[in-house]
Amino acid sequence: MPGRPGSRSAAPCRAPALLRELADRGVHVTAHAADVTEEAAVRRVIEAVDATGHPLRGVVHAAMHMDDAVLSDLTDDRFAAVPAPKAAGAALLDRLTADRDLDLFLVHSSVSAGIGNPGQAAYAAANAYLEALVRARRGAGRPGTALAWGPVGGTGYVARSGTGTAMTERGLELLTPDEVLTTTDRLLAAGTDVAGAGRYRWGAARHLLPALAAPRFAPLVPSASAASPDARDELLRALAGLPADEAVHRITDALAQLLAGVLQTDPADLDPAHDVTGFGPDSLPGMQLLVQARDLLGVRLSPADLATGRTLAHFARLVHQRLEPAAGEREQTRAGVRRTYRGPGTAGGPAGLSGARTAGR
């Protein structure tokens, strides 16, 4: 378990608890405080593994360094420091294990390699390198898997930086650590070379990530995407200043516009008092309405809500009931995000995982 640049002093402090937990499970682990970008240090780790009498059979590379800034603000040294642990570290591990009969060479990439991220040019490039390295290994008949994650909550960079709320609002929802581990097991068992997994609302994310307007993302990103975060905030502020009946009426009109787009019909043909859910709550149009309503209004509607009523007026009342408590939560979280948020962070379908990318796609 070697570390990343600057981790030598911190590793001994964090390792004991993890080592005890693994030992309780019958796993023997040795932590090495080493810089993965220094060849001599990595060689010492490999030699220490050899000295145990057990052959080195796998490598898992998860090192990273973040320094978000626009290119014009980055010095050469700051730019170079970002890909060092991820890209240079992976290259070093690849070279120093070239003569080993490995079963596993797993590197953790990021969705930023495919869709970019404001302020993360160096980080996106480092992840793109990982994926290219794995494809080169596969081409040479060697094992390799690169998994490009959307943002992960509960642990790691997103949890430490407090950017989870801001990322979720922008369409990049968080995976749980259990989802990451389960998905990793499944993709490794399938022999995957390069793939990505995350939970994304592409219609909302495209307003932050211009790369999503490229033709290659057309199957993922709706042509008539949801309102931008600024437009949504403007609508919510307007609703907050209206009497309840007028707010419900305006929400009804907004939902009619969304549903008309889904059904490719005229909003005037949708009577707010008539059943408009004949397509069924579990159908694709039903799910599209739920997702677009969440993007536009910031309120989550579930398939069960579609089953409790059959009219746009009913849905509008549900949304209005949920807007007031949600508005208070948004103001609290945004106040904290303004103090901590510097960018959308790493970007690691339906209610589960979506956005898979495999070789050739």
Side-chain angles (χ1 to χ4, degrees), residues 1-66 84-86 88-90 92-110 130 134 137 142-162 164 174-192 195 197 346 348 353:
M1 296 175 60
R4 64 185 187 275
S7 68
R8 292 183 184 85
S9 60
C13 298
R14 293 193 301 264
L18 175 60
L19 296 182
R20 284 194 298 271
E21 179 183 344
L22 292 172
D24 290 343
R25 299 181 184 184
V27 179
H28 178 69
V29 181
T30 302
H32 298 272
D35 186 337
V36 74
T37 67
E38 293 183 2
E39 181 169 343
V42 177
R43 283 189 181 277
R44 285 194 296 270
V45 173
I46 295 175
E47 290 168 359
V49 173
D50 291 339
T52 66
H54 300 287
L56 177 64
R57 301 309 300 264
V59 172
V60 178
H61 182 51
M64 62 170 286
H65 173 64
M66 303 291 290
K86 187 175 284 283
L92 187 56
L93 291 167
D94 171 69
R95 178 163 60 84
L96 296 184
T97 61
D99 61 342
R100 305 300 176 112
D101 183 18
L102 299 181
D103 296 325
L104 172 72
F105 192 93
L106 170 63
V107 296
H108 291 292
S109 179
S110 163
L130 291 186
V134 162
R137 288 181 61 91
R142 302 164 65 195
T145 300
L147 301 182
W149 299 106
V152 180
T155 188
Y157 175 79
V158 172
R160 293 193 303 271
S161 62
L174 307 185
L175 297 175
T176 67
D178 284 346
E179 287 174 326
V180 170
L181 294 175
T182 300
T183 304
T184 298
D185 286 345
R186 186 167 70 246
L187 293 173
L188 287 174
T192 304
T346 53
L353 305 178

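Everything numeric in this text was worked out from a predicted model, so none of it was measured. Atom set for the values below is all heavy atoms of this structure, side chains included, hydrogens, waters and symmetry mates excluded.
Atom CG of residue Asp103 and atom CZ of residue Arg57 lie 4.0 Å apart, to the nearest 0.5 angstrom. The CZ atom of Arg160 sits 10.0 Å away from atom CE of Met66, with the distance rounded to the nearest 0.5 Å. Within the model, atoms CD of Glu47 and CZ of Arg43 stand 7.5 Å from one another, a figure rounded to the nearest 0.5 Å. The line from NE2 of His108 to CE of Met64 is 12.0 Å long, rounded to the nearest 0.5 Å. Between the CG atom in Leu175 and the OG1 atom in Thr183 there is a gap of 7.0 Å [rounded to 0.5 Å]. Distance check, rounded to the nearest 0.5 Å: CH2 of Trp149 to OG of Ser109 gives 11.0 Å.
Exactly one of Leu147, Leu130, Thr145 qualifies for a side chain to side chain contact (heavy atoms under 4.5 Å, CB included) with Val107. That residue is Leu130.
Heavy-atom minimum distance, Leu22 versus Val29: CD1-CG2, 3.4 Å. Contact between His32 and Ala48 at its shortest, heavy atoms only, is CE1-CB, 3.7 Å. When all heavy atoms of Ala159 and Gly154 are compared, the pair lying nearest together is CB-C, 3.9 Å. Closest approach of Ala195 and Leu187 over heavy atoms only: CB-CD1, 4.2 Å.
Taking the side chain as every heavy atom from C-beta outward, Leu93 and Val42 approach each other to under 4.5 Å. Side-chain contact check for Thr184 versus Leu106: some heavy-atom pair is nearer than 4.5 Å.
A distance-only check finds a donor-acceptor pair linking the side chain of Thr52 to the backbone of Val49 [under 3.5 Å].
For Leu102, the side-chain contact (heavy atoms from CB on, under 4.5 Å) partners are Leu56, Val59, Thr97, Arg100, Phe105, Arg137, Pro143, not counting sequence neighbours.
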Could you give me the CA-CA distance, side-chain angles and deciding distance for Val60 and Leu104, then say whether side-chain contact (heavy atoms from CB on, under 4.5 Å) is met?
CA-CA 8 Å; Val60 178; Leu104 172 72; 3.8 Å; yes
